[in-house]
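Order of the sequence lines sets the chain letters (A, B, ...), proteins ahead of strands, with each chain counted from 1.
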Amino acid sequence: MSSYSITEPSGRQKWIAGTLVVVYTVVTLLPLLWIIATGFKSPSDAIAYPPKLVFEPTLEGYVNLFTTRTRATPEMLEQVGPPATWYDAIVRKYDMVIAGPSRYGERFLNSLIIGFGSTFLAILLGTMAAYAFSRFKVPLKDDLMFFILSTRMMPPIAVAIPIFLMYRQLGLSDTHLGMILLYTAVNLSLSVWLLKGFIDEIPVEYEEAALIDGYTRFQAFRKVVLPQAATGIASTAIFCLIFAWNEYAFAVLLTSGNAQTAPPFIPTIIGSGGQDWPAVAAGATLFLVPVMVFTILLRKHLLRGITFGAVRK
Amino acid sequence: MSPTSLDYIAEATPKPVARRLSGLSDRAIAWIFIAPTIALLLAINIFPLIWTVRLSFTNYRANQPNAPVEFVGIRNYVRILTDEDIWMTMQATAHFVIWTLVLQVVLGFGLAWLINRKFRGNDLWTTLIVLPMMLSPAVVGNFWTFLYQPQIGLFNAVVGFLSGVDPSSFSMIGDVALAPWAIIIVDTWMWTPFVMLICLAGLRSIPESIYEAAECDRASKWRQFWTITIPMVLPFLMLAVLFRGIENFKMFDLVVQLTGGGPGSITELTSINLKREAFEKWRTGYASAYAVILFVTVFGLASIYVKALNRVKER
């Protein structure tokens, strides 16, 4: 951009545009910063009026997130002796003792299992289908591609009724396998469409050369196409993972005790008298920050997925 | 693609030899590769859809699986289409969809236009702006109820600070007049970046040379904006509207966590209403008919819109 161009915006224009965008960004990030900050507040600081910008950070929210606690009488406190760990000490300030771990860890683990499981399947099936659609003459190709896309137009609640009944019959309700299959199906439309775009861009000549060299179609696919499409596959995978990670409607309707993921769980974290905001914020922080980090690190590859591959370049 | 020497060799190779070389025929591989995807989509999308249609003609209740199921014809459909409460939820949904689209298009296009001024560091700010839309709507929506608290909430404090209104005098999610706007604000906060990204892709696809030519013809900046920028970005913008429109018509997670449909049923969008019928009142047959009506509506509106979009693209 060193050469002079008559269409290049002037310095003043750039400055004004930059300022406006920065102001918008700061305002729009405030709620997210507030979530992170609230996680480190004490319950009284969290609900202070007016809202506190400066506060003494504490890990109370995180301790409350991972434990269940019971109120203890002075005699009971006497009996158990002085607090053994730092998190014990935090709880004792409120005359409480730790009764055991909360379910947050389990829910988080469920999110990981279901997220990675469904992403793996959606990418595996998606890459195969995308390759076939990209390279072979498939009868009714356009119709099949549109059919795959149209499965995304259904409201989740509308599909949830029969899936609820079907899963009940098959014993898949509230199981990891059931959720993995469901999220795979939802993500497939995205992965087939995105991956087809990526594979279309790999020159066919590479495979043809490999075929001449005596590779079978399958070998050519595995040794020539897959390495070429690796970046595209990785960014599609991140997308599928984020969808499964964030999904709420199916999770809240189809899971309860065993396979529940974190999004339906976090809003149910209750303290004395309503929601325990520091604990909710702590849970939300641990859940949201990985996605934020991913987004910033992989921004170049993600932007294409956001637009569903419909917008190329 | 021009024929290369490879093509000649490929054509010259006798068919049986080619087949032996590649193991399975291409046709077989194509089907082996596509079949699992189609099978899974049939099992988890199409089969349930057919089942929904079948249930919609019955009075089945999922919480009483052993009760006799009667075929009731189109009674469920008639009842839904004549139910005033359902028309109210349709209106609430329309209000939500239209206003979020208007705000997101204006803000998203504006931001994209500003970012396209190519000031220093615009990549970094684009990434930061995108963050809200990558997060779980349910978790974020739940936290927004905290920001909307009359006294202790950040939103009320900021609005109070800027406008001088007492921050404890209004409740965004408790007030019948404000609640519809509370959900519109959060959705706009979350999804404006999406519209922005698509508009940005559109703006960047316009070749520099068109502006240069216009500049040579002494067209004013204002004229360039209306005769070049807007028409060239329009197909992209319409695509963004399509995606957002479909998503917001289906809206569930964000709003259910924010207001739960309340106060009363003022923000009860169709998906929330449907969930109530299906999974709280357990009127499965009735809810299935409701689901079919919603699906047909989305599909119908989307196809009409896509036709319009294609006409714009052809111009």
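Within the 4.5 angstrom heavy-atom criterion, atoms from both the backbone and the side chain of A:Ala281 approach chain B. Using a 4.5 Å cut-off between heavy atoms, A:Ile16 makes no contact with chain B at all. Only the side chain of A:Arg168 comes within less than 4.5 Å of a heavy atom of chain B; its backbone N, CA, C and O stay farther away. Neither the backbone nor the side chain of B:Phe155 comes within contact range of chain A, judged by heavy atoms closer than 4.5 Å. For B:Ile246, the part lying under 4.5 angstrom from a heavy atom of chain A is the side chain only. With a 4.5 angstrom heavy-atom cutoff, B:Leu135 touches chain A via backbone and side-chain atoms both. Neither the backbone nor the side chain of A:Phe250 comes within contact range of chain B; no heavy atoms are under 4.5 Å apart. Only the side chain of B:Ala302 comes within contact range of chain A, with at least one heavy atom under 4.5 Å from a heavy atom of that chain. Contacts between A:Thr38 and chain B at a heavy-atom distance below 4.5 Å involve the side chain alone, from C-beta outward. Proximity to chain A (any heavy atom under 4.5 Å) is restricted, for B:Ile38, to the side chain, taken from C-beta onward. Interface remark: B:Phe161 contributes no atoms to any contact with chain A (heavy atom separation under 4.5 Å). Proximity to chain A (any heavy atom under 4.5 Å) is shown, for B:Leu128, by both the backbone and the side chain. Contacts between B:Leu200 and chain A at a heavy-atom distance below 4.5 Å are absent for every atom of the residue. Contacts of B:Phe146 with chain A are made by both backbone and side-chain atoms, with heavy-atom separations under 4.5 Å. Heavy-atom distances place both the backbone and the side chain of B:Gln151 under 4.5 Å from chain A. In this structure, the portions of B:Asp253 lying under 4.5 Å from any heavy atom of chain A include both its backbone and its side chain. Neither the backbone nor the side chain of A:Ala122 has a heavy atom closer than 4.5 Å to any heavy atom of chain B. When heavy atoms are compared at a cutoff of 4.5 Å, A:Phe243 does not approach chain B at all.
Contact count versus chain B (heavy atoms, under 4.5 Å) is highest, among A:Ile242, A:Leu29, A:Val159, A:Val280, for A:Leu29. Interface remark: of the candidates B:Ala291, B:Ser136, B:Pro167, B:Ser136 forms the most heavy-atom pairs closer than 4.5 Å to chain A. With respect to chain B, the highest number of heavy-atom pairs below 4.5 Å among A:Ala262, A:Ala160, A:Ala132, A:Ala17 belongs to A:Ala17. Note on A:Pro162, A:Gly283, A:Pro264: by heavy-atom pairs under 4.5 Å with chain B, the leading option is A:Pro162.
Two residues are said to be in side-chain contact when any heavy atoms from C-beta on lie closer than 4.5 Å; A:Leu188 and A:Ile148 fail this criterion.
For an aromatic pair to be called close, the ring centres must be under 6.0 Å apart, and A:Phe136 with A:Tyr131 satisfies this. No close placement of the B:Phe143 and A:Trp34 rings is indicated, their centers lying 6.0 Å or farther apart. Ring centroids of A:Phe133 and B:Phe33 are separated by 6.0 Å or more, keeping the two rings apart. In this structure, B:Trp282 has its ring center closer than 6.0 angstrom to the ring center of A:Phe164.
By the 6.0 Å contact criterion, CZ on A:Phe147 is enclosed, its count of non-hydrogen atoms from other residues, nucleotides or ligands being greater than 12.
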